[in-house]
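One structure below.
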Amino acid sequence: MRDSAKNRYRHAGLCVALLALHFVSGCALLKQELGDPLPLDRIDGFEAGRHYAEVLEAFGPPTEMSALPNGMVFQYQYVGLKEHQFGLRVPGKIGEWFKAVYGAAKANVEVMQFVFDEEGVLQAADAKAWKADAGAGFSVTLVFSAGSLTDTTRYEESGSHAVNWGAALTFPLLESLNVSQSLESGARGVQLTATPTIVGQHTLELQDE
Amino acid sequence: MSTSVRGVAIATIALVFAAGCASYGSIDGVDNLWREVEVDHFQKGITTQADVLGELGPPSQLINLQNQTVFYYLAQQSTGQGKLFIIWNHVTETKKYDRAIFFFDKAGVLEEFAFSRESIER
């Protein structure tokens, strides 16, 4: 009697698994690592008064740096992106060829910032790590696909801002007019990855949205 | 187990584990020539802007500070690998950065410099 109950559960489990397999047509994990994670705990040893050469020796060249009216700023950044995709079989005849896919991405961001005076003496430093919802997307694709469904460009560019300044010449008009305030030129400050354009330095660009 | 059942079982397992693989890579930015020179090749108070330019070429970014000029070099390597199964796909992309930075005084003489711990093999 007990054996037959056990068999019934086993069959029910098998049916559920087969049913799930029928409707789940494919899953994917897309991972991106932009640089190495930062040694955030080491920032505790850096208090005001240290020279910028010590920061360079400990952490190497910053991801971004900029001149400030009375000194300069170093910004170190790391971004890790993880996108999970879940595929579902579309019912009916069309389901033989197409599947529906939902994708959601998470970003793991780490930042260290050092502000120096004009003599290169450290005035302030801080480190922070946080997780962000980097977006979600939905698509209907042919058979299967392993491409990204989310727009994570703003995070992906975090490591190469330092070489983007020349592209300012090809920006749309409103962005070109605003270029003197650009936080990617290395002359006006730095900006965290994925900062919305609602902040002051992008005032003209907002007119375009 | 009959032959036909065994055949179906083997075909099903083969279908589940049948995989496609993909890999790709690219290098952007400047050539990371600083990894080829000796560590003591650049000397604070002696090396000039002309020496660095001659050795490494034009920097990715040139920054004008109040009393200093900064040469910032950046190379970026992207590599990706994909394992494409029927019901499970896994794609990993890694970007590595190789950086060098040089600070010069008003006379164009080297004050400080550093290379990133993260590096790209040449």
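A, B, ... follow the sequence lines: proteins, then strands. Residue 1 opens every chain.
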Region of H84(A) in contact with chain B, defined by heavy-atom distances below 4.5 Å: neither

Test of ring centre spacing under 6.0 Å for F74(A) and F116(A): yes

R99(B) NZ/CZ over F115(B) ring centroid, <6.0 Å and within 45° of normal: no

Under 3.5 Å side-chain donor-acceptor pair for Y73(B) and Q61(B): no

E119(A) versus chain B, the contacting section by heavy-atom distance below 4.5 Å: neither

Heavy-atom contact with chain A under 4.5 Å, split by part of Q68(B): side chain

Interchain contact, A100(B) with chain A, by part (heavy-atom threshold 4.5 Å): backbone

Interface residue of largest heavy-atom contact number with chain B, from G35(A), P62(A), P61(A), under 4.5 Å: P61(A)

Side chain N32(B), main chain R35(B), donor-acceptor under 3.5 Å: no

Under 3.5 Å: donor-acceptor pair, side chain of S60(B), backbone of L74(B): yes

Engaged part of V70(B) at the chain A interface, taking heavy atoms whose separation is under 4.5 Å: side chain

